[in-house]
Participant: 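Submitted below is the structure of interest, expressed as structure tokens.
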2 protein chains.
Amino acid sequence: MSQQRHGSTPGAADGVPAFPDLPEATIARLPEYLRALHHLAETGAETVSSEGLAAAAGVNSAKLRKDLSHLGSYGTRGVGYDVALLVDQIEYILGLDKNRAVCLVGVGNLGHALAGYAGFASRGFRVVALFDADPKKVGEQINGLTVQHTDDLERVAAEESIAIGVIATPPGTAQAVADALVAAGVTSILNFAPGVLSVPSNVDVRKVDLAIELQILSFHEHRKASLTALPGGRSAQPASGDQEVVGS
Amino acid sequence: MSQQRHGSTPGAADGVPAFPDLPEATIARLPEYLRALHHLAETGAETVSSEGLAAAAGVNSAKLRKDLSHLGSYGTRGVGYDVALLVDQIEYILGLDKNRAVCLVGVGNLGHALAGYAGFASRGFRVVALFDADPKKVGEQINGLTVQHTDDLERVAAEESIAIGVIATPPGTAQAVADALVAAGVTSILNFAPGVLSVPSNVDVRKVDLAIELQILSFHEHRKASLTALPGGRSAQPASGDQEVVGS
DNA sequence: CGCGATTTGTGCACGCCTTCACAAGCGCCT
DNA sequence: AGGCGCTTGTGAAGGCGTGCACAAATCGCG
Ligand SMILES: NC(=O)c1ccc[n+]([C@@H]2O[C@H](COP(=O)([O-])OP(=O)(O)OC[C@H]3O[C@@H](n4cnc5c(N)ncnc54)[C@H](O)[C@@H]3O)[C@@H](O)[C@H]2O)c1
Ligand SMILES: NC(=O)c1ccc[n+]([C@@H]2O[C@H](COP(=O)([O-])OP(=O)(O)OC[C@H]3O[C@@H](n4cnc5c(N)ncnc54)[C@H](O)[C@@H]3O)[C@@H](O)[C@H]2O)c1
């Protein structure tokens with residue numbers, strides 16, 4: 001990405017600390033580390049070893065150390081990582097100290113559940129606006145918020161300086177909603193509608209497709225079935241309390 | 001890749017067709033290809049070029065060709081891929097021709113939405129049972145199904161030969177639910193509760209954590225903000241209708 | 001004050017995945 | 001029948017990510 005200028009160390013040289021460009025794989029794991037750290041903090045732990053945190057986050061300890069080393073984190077050799085310090089570091093890197101404003105478009109079955117989800121607020125996000133195109137939904141109160149009409153999206157998004165939008169509308173309207181979000185200044189989109197969105201290159205999109213998740217599991221079921229068919233009988237070895245997560 | 005044995009094509013030589021072991025990255029993309037193919041089929045297309053299908057699925061055409069070549073797919077040079085044939089191939093590989101039975105545990109906010117989701121049925125899955133530990137929920141009718149008590153999980157799962165379970169319970173109970181599912185013979189789990197599950201090695205787990213998705217987006221917001229701070233002014237180039245999906 | 005136990009940070013090698021580039025194959029048109 | 005354009009399938013190269021293994025660093029204790 002950004003070629004290195006004047007090989008200085010990434011410390012906070014001046015007012016704005018240099019932003020390290022972490023590997024994508026690393027930043028995808030930071031949230032899991034953060035969750036594990038919060039859990040540890042609640043149990044009163046002051047420090048964690050890489051081994052301990054890795055176990056809590058379900059990863060290899062070497063991987064965890066390398067990940068943390070990327071963000072210049074300061075652990076103490078022989079002791080481990082300071083839990084509170086690491087929480088602050090990761091929250092800063094992820095930009096969670098801003099308590100980011102999020103809007104949700106499409107208040108149907110899924111949208112209702114999302115609008116009432118406490119897990120967003122507790123992990124750094126404020127759902128500040130709900131939108132729907134159906135006049136019957138507009139005006140409805142959900143979790144202290146009033147559903148507004150999609151026509152007001154652009155105005156409200158600007159007023160509340162919303163940078164993240166969630167799409168929970170039917171697949172056919174997802175692209176139009178994405179366009180409206182982009183026009184309203186949103187630069188990050190979380191999309192629950194199946195299908196591919198087309199957006200400007202400065203906008204980030206992440207997709208959650210439950211059917212795809214199930215289909216990947218189905219593949220592994222198929223594979224497991226076709227393996228137990230041929231070799232020695234069905235060896236369902238419980239293999240101790242180990243953890244198995246398929247894919248990434 | 002697979003060393004060639006007696007140069008025969010990988011067709012169904014005997015009763016059980018050889019099961020190709022595809023790269024994980026490939027199988028994660030097959031469902032997206034499948035969705036795009038179904039869409040193309042509806043519009044009446046008989047064949048697609050790798051370029052066309054790649055665009056519809058949002059990937060590089062070379063990647064798509066390599067993916068399809070892994071499953072020994074038969075395209076026709078100069079023409080493209082037969083849509084109907086490819087659909088059958090992919091559905092077979094993913095094991096979707098079985099119309100797999102799925103059960104859902106935890107009928108709360110999220111569980112309600114999932115139980116009524118039509119996107120499962122249309123993409124190869126039948127939700128055949130709903131479970132909850134709350135006596136007030138047991139007996140409730142959702143989408144033609146009656147919520148049953150978790151105590152009946154093991155019996156029902158065996159009766160219906162359920163291989164895939166979905167967890168939509170609070171984080172604290174997710175591990176216990178996973179243990180119950182495993183005890184009931186479930187070998188694939190889709191988990192919506194934040195946290196790490198510990199399961200035997202013959203059980204596959206996939207996790208969906210919405211807060212993590214938002215946090216990854218938040219990171220990119222943070223990064224974008226810190227970039228526009230230093231270099232030339234804010235260059236929000238719309239860059240044509242290109243597509244941008246961050247992470248995998 | 002020195003030593004051993006412990007744990008971090010990382011150099012290195014390996015494997016997976018992506019992407020390019022092109023030869024081989026296929027159909028159509030003349 | 002032959003040639004031409006189009007598209008697939010794949011060899012090769014490069015990049016990224018993972019995990020091992022170990023040196024460096026720190027703490028506690030005698
Ligand atoms: N329900 C689930 O569990 C589930 C699971 C996975 C994915 N999804 C996906 O999430 C999306 C929503 O699912 P759902 O079950 O909530 O559907 P739904 O039909 O219950 O809700 C869709 C809502 O979007 C609103 N809407 C439609 N067009 C709109 C527009 N242009 N602008 C704003 N709002 C608009 C509708 O008025 C409705 O309230 C779908 O794409 C679906 O495939 C749903
Ligand atoms: N609501 C959302 O939009 C959302 C989004 C992302 C993740 N999640 C996660 O999904 C899970 C469910 O969220 P929710 O909002 O539906 O919560 P909820 O409290 O509304 O529902 C939880 C349900 O699980 C049932 N339950 C509790 N313990 C159980 C057990 N041991 N066995 C069976 N059932 C049990 C409860 O009776 C309740 O009906 C949580 O882990 C949450 O973090 C929810």
Side-chain angles (χ1 to χ4, degrees), chain A residues 1-3 9-11 20-30 32-33 37 40 45-83 85-86 89 216 243 245-248, chain B residues 1-4 7 9-11 20-30 32-33 37 40 45-83 85-86 89 216 243 245-248:
Chain A
M1 286 285 174
S2 62
Q3 60 276 42
T9 51
D21 54 340
L22 313 173
E24 274 294 317
T26 294
I27 71 162
R29 283 187 293 267
L30 289 181
E32 194 65 51
Y33 301 157
L37 284 166
L40 284 168
E46 300 231 333
T47 62
V48 224
S49 69
S50 64
E51 203 79 39
L53 182 52
V59 300
N60 185 299
S61 70
K63 196 185 321 198
L64 178 124
R65 284 198 299 276
K66 183 151 295 189
D67 283 341
L68 294 187
S69 78
H70 281 136
L71 42 90
S73 165
Y74 296 178
T76 307
R77 291 162 130 103
V79 176
Y81 298 91
D82 183 292
V83 173
L85 181 71
L86 203 48
Q89 283 267 343
I216 293 172
Q243 179 206 350
V245 175
V246 28
S248 72
Chain B
M1 285 294 161
S2 61
Q3 62 276 37
Q4 57 188 67
T9 50
D21 54 341
L22 313 172
E24 274 295 317
T26 294
I27 71 162
R29 282 187 294 266
L30 288 182
E32 194 66 50
Y33 301 158
L37 283 166
L40 284 168
E46 300 231 333
T47 61
V48 226
S49 68
S50 63
E51 204 79 39
L53 183 52
V59 299
N60 187 299
S61 70
K63 195 185 322 198
L64 178 124
R65 285 198 299 276
K66 183 145 293 189
D67 282 342
L68 294 186
S69 77
H70 281 137
L71 41 89
S73 165
Y74 296 179
T76 307
R77 291 161 130 102
V79 177
Y81 299 91
D82 183 291
V83 173
L85 182 72
L86 203 46
Q89 284 265 343
I216 293 172
Q243 180 208 350
V245 174
V246 27
S248 74

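We use all heavy atoms of the structure for the numbers below, so side chains are in, but hydrogens, waters and symmetry mates are not.
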Participant: B:E46 has an atom CD; how far is it from atom P of C:dG27, in whole Å?
Facilitator: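 My rounded result for the distance is 15 Å.
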Participant: Any donor-acceptor pair, under 3.5 Å, between the side chain of B:K66 and the base of D:dT10, if you only look at N and O atoms?
Facilitator: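 Side chain to base: no pair below 3.5 Å.
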Participant: In whole angstroms, how far is the P atom of D:dG9 from the NZ atom of B:K63?
Facilitator: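 Atom-to-atom, B:K63 to D:dG9, this comes out as 18 Å.
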Participant: Quick one: B:L68 CG to D:dT10 C1', roughly how many Å, whole number?
Facilitator: 14 Å
Participant: Nearest to the B:A25 side chain among D:dG19, C:dC17, C:dT19, which nucleotide is it?
Facilitator: C:dC17
Participant: Would you please confirm or rule out a distance under 4.0 Å between OP1 or OP2 of C:dC20 and any side-chain N or O of B:N60?
Facilitator: yes
Participant: Rounded to the nearest Å, what distance is computed from the NE2 atom of residue A:H70 to the P atom of nucleotide C:dT8?
Facilitator: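 Rounded to the whole Å, the gap is 16 Å.
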Participant: What's the spacing between B:L22 CG and B:R29 CZ if we round to 0.5 Å?
Facilitator: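 It is 11.0 Å, given to the nearest 0.5 Å.
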Participant: Measure from CG on A:D67 to P on D:dT18 and round the result to the nearest Å.
Facilitator: 7 Å
Participant: If you check the A:S49 side chain, which of C:dT19, C:dT8, D:dT10 turns out closest?
Facilitator: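 Looking only at heavy atoms from C-beta outward on A:S49, the closest nucleotide is C:dT8.
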Participant: OP1, OP2 of C:dT8 versus side-chain N and O of A:S50: anything below 4.0 Å?
Facilitator: yes
Participant: B:L30 vs B:L71, test: side-chain contact (heavy atoms from CB on, under 4.5 Å). Steps then yes/no.
Facilitator: CA-CA 10 Å; B:L30 288 182; B:L71 41 89; 3.8 Å; yes
Participant: Rounded to the nearest 0.5 Å, what's the gap from OG on B:S49 to CG on B:L64? Could you check?
Facilitator: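 Spacing of OG (B:S49) from CG (B:L64) equals 9.5 Å.
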Participant: Any N or O donor-acceptor pair under 3.5 Å from the base of D:dT26 to the side chain of A:R77?
Facilitator: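 Answer is no: no donor-acceptor pair is held.
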Participant: A:S69 or A:V79: which one's nearest nucleotide on DNA chain C is closer to the 5' end?
Facilitator: A:V79
Participant: Counting side-chain heavy atoms from C-beta on, which of D:dG17, C:dC20, C:dT8 comes nearest to A:Y81?
Facilitator: C:dT8
Participant: Evaluate the criterion side-chain contact (heavy atoms from CB on, under 4.5 Å) for residue pair A:I216 and B:I27; output intermediate values, then yes/no.
Facilitator: CA-CA 7 Å; A:I216 293 172; B:I27 71 162; 4.2 Å; yes
Participant: Nearest whole angstrom, please: distance from the P of D:dG17 to the CZ of A:R65.
Facilitator: 19 Å
Participant: Rounded to whole angstrom units, what separation is found between the CD1 atom of A:I27 and the P atom of D:dC16?
Facilitator: 14 Å
Participant: Is the distance from OP1 or OP2 of D:dT18 to the nearest side-chain N or O of A:R29 less than 4.0 Å?
Facilitator: yes
Participant: Starting at atom CD of A:E51, determine the distance to atom P of C:dG9, rounded to an integer number of angstrom.
Facilitator: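 Those two atoms, CD and P, are 14 Å apart.
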Participant: Do B:L86 and B:L53 have side chains that approach each other closer than 4.5 Å (heavy atoms only, starting at C-beta)?
Facilitator: yes
